[in-house]
There are 2 protein chains.
Amino acid sequence: MGRGRPRKTDPEEVLDTAMKVFWNKGFEGTSMSDLVCATGMAKPGLYACFGDKESLYKKSLTRYFNNLGTPLLDDLKNSTDALPVVVRRFLESVAYSMLDKNCPSGCFVVNSLVEGSSTHPELETISKEYDQKRRDIFIERFEKAQKNGEIPLNIDAKAYGEFFSAQSLALGVLGRADACKNKLFSFIDVAMTVLPKP
Amino acid sequence: MGRGRPRKTDPEEVLDTAMKVFWNKGFEGTSMSDLVCATGMAKPGLYACFGDKESLYKKSLTRYFNNLGTPLLDDLKNSTDALPVVVRRFLESVAYSMLDKNCPSGCFVVNSLVEGSSTHPELETISKEYDQKRRDIFIERFEKAQKNGEIPLNIDAKAYGEFFSAQSLALGVLGRADACKNKLFSFIDVAMTVLPKP
DNA sequence: ACATTAAAGTACCGATTGGTATTTTAATGT
DNA sequence: ACATTAAAATACCAATCGGTACTTTAATGT
């Protein structure tokens, strides 16, 4: 163990809590006082641990993407399951995430994309980056599907990949507007009809 | 003409400008000073004309919906064109709105839905109300289409209506993330493949 | 001309904002 | 026992926040 006074709060837990506050209220809607109250870490502690508000927000968004986004993307990229299976599983996982009552509503990346603070352009950059990663992996998977013969050669694999990637944006907004499980899942059912038979 | 000193700025123009500022930067991200600078109307004038910040935001969002949303919804509701024609026209109109360089990016209703200020619950209520209106009209149109034989009877008209209504949410986020015309339109092309033949 | 009306403009209010300097507390190494 | 380390806690900063009281200006009605 280190030398000085022991930490009252685990920085990982603090970051997790801060993530949820930003996710729920946005960058502009969250004050440092909000974060102090929610995390239990005093203001100077937050600054010492995570830097200024913008830096803490970036770390929160990165944590969100790594913890909640990356597993879904890895599955989409690496699973050997058929295209309709992996695509549906991705969208349903997003839907389940929308319904998790231990987390704020919606998708933090979508919230951040939409808030798009003009006074803090770096925040827009990072959320666009994560949005792009999802898009790229969807496109890759659809191009692979075309090579595999899972979908016909005469369709625009890139456009289809982008379409399904964008369905998670719609789910993010629907989740933010308190859509129930039935609505989210019947939305996915309809979206899945886009997938052409091979 | 009235009695007192003439207005320097037309309240309609002021509201139009305020709408664009809120649309661009959100409720929490916009300060009264921002609005004073953008509109040219001094702060006491804004309060006298529109009430407090929350009230001005509501009027801005209502103006957005009436001016930009209602015409599209009226067309969707009243046009005698075939289902694929009116649906595509609706989505393409949304896409063109995303590309209008005289307006902020994205859709103000989507932005407002996603920001969803927890400290000002009325703002969430009104954006959800406008979102619901679009959904209702889409569902109506799909139910009508089913009666007309434009789509088969064995599909879930409500789910299809909600699906296409939600595509404008996706377009709103895509527009916010600076999607270009090609991406928006090929997105719509793919979405339109959902429409079943009669 | 002059009172009346209403908007513009200035100056200000307490509260809160993001951020920090300083002190106090609690552990460890010697 | 005591210096050292590091975090907690308090107190504070200038700037900005949403909102308002007050003064000034420019028009109209008589």
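The structure displayed is predicted, hence computed values, not measured ones. Residue numbers start from 1 in every chain, and the chains themselves are labelled A, B, ... in the order their sequence lines are given, proteins ahead of strands.
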Participant: Looking only at side-chain N and O atoms, does T30(A) offer a donor or acceptor that is under 3.5 Å from a partner on Y57(A)?
Facilitator: no

Participant: May I ask you to check whether F90(A) and F138(A) place their ring centres under 6.0 Å from each other?
Facilitator: yes

Participant: Just grab all the side chain to side chain donor-acceptor pair (under 3.5 Å) pairs involving residues 82-97 of chain A, residues at least two apart or on different chains.
Facilitator: D75(A)-R89(A), S79(A)-R89(A), D81(A)-R89(A), R88(A)-E92(A), R88(A)-D189(A)

Participant: What pairs with R7(A) under side chain to side chain contact (heavy atoms under 4.5 Å, CB included), at least two apart in sequence or on another chain?
Facilitator: P11(A), M41(A), C49(A)

Participant: If you look only at distance, which donor and acceptor atoms sit under 3.5 Å apart when one is on a side chain in residues 167-184 of chain A and the other is two or more places apart or in another chain?
Facilitator:
residue: Q167(A); atom: OE1; partner: Q167(B); partner atom: NE2; Å: 3.0
residue: Q167(A); atom: NE2; partner: F163(A); partner atom: O; Å: 3.3
residue: Q167(A); atom: NE2; partner: Q167(B); partner atom: OE1; Å: 3.0
residue: S168(A); atom: OG; partner: R134(A); partner atom: NE; Å: 3.3
residue: S168(A); atom: OG; partner: S165(A); partner atom: O; Å: 2.5
residue: R176(A); atom: NE; partner: V114(B); partner atom: O; Å: 2.7
residue: R176(A); atom: NH1; partner: S105(A); partner atom: O; Å: 3.1
residue: R176(A); atom: NH1; partner: S105(A); partner atom: OG; Å: 3.4
residue: R176(A); atom: NH2; partner: N24(A); partner atom: O; Å: 2.6
residue: R176(A); atom: NH2; partner: V114(B); partner atom: O; Å: 3.2
residue: D178(A); atom: OD2; partner: K128(B); partner atom: NZ; Å: 2.6

Participant: Is a salt bridge present between E12(B) and R63(B), judged by a nitrogen-to-oxygen distance below 4.0 Å?
Facilitator: yes

Participant: Grab the N/O contacts between the protein and nucleotides 13-15 of chain C below 3.5 Å, and write none if there aren't any.
Facilitator:
none

Participant: Under 3.5 Å for both distances, Watson-Crick or G-U wobble, that's the pair rule; now give the dot-bracket for DNA chain D, with | marking pairs to another strand and [ ] for crossing ones.
Facilitator: ||||||||||||||||||||||||||||||

Participant: Would one find a side-chain N or O of K8(B) under 4.0 angstrom from OP1 or OP2 of dA26(D)?
Facilitator: no

Participant: K53(A) NZ to dG18(C) P: how many Å, rounded?
Facilitator: 4 Å

Participant: Just how far, in rounded Å, is P of dT5(D) from CZ of R7(A)?
Facilitator: 17 Å

Participant: Taking E54(A) first and then K59(A), would you say they form a salt bridge - that is, a charged N and a carboxylate O separated by under 4.0 Å?
Facilitator: no

Participant: Is it true that E143(B) and K158(B) make a salt bridge, defined as a side-chain N closer than 4.0 Å to a carboxylate O?
Facilitator: no

Participant: In terms of hydrophobic clustering (I, L, V, M, F, W, Y; side-chain heavy atoms under 4.5 Å; direct or indirect links), are M192(A) and Y160(B) co-clustered?
Facilitator: yes

Participant: With nearest nucleotides of DNA chain D determined for D52(B) and R5(A) from heavy-atom distances, which residue corresponds to the more 5′ nucleotide?
Facilitator: R5(A)

Participant: Does F50(B) reach the side chain of V14(B), with side-chain heavy atoms less than 4.5 Å apart?
Facilitator: yes

Participant: With a 4.0 Å heavy-atom cut-off, tell me which residues in residues 13-49 of chain B come close to DNA chain C, sorted by residue number.
Facilitator: P44(B)

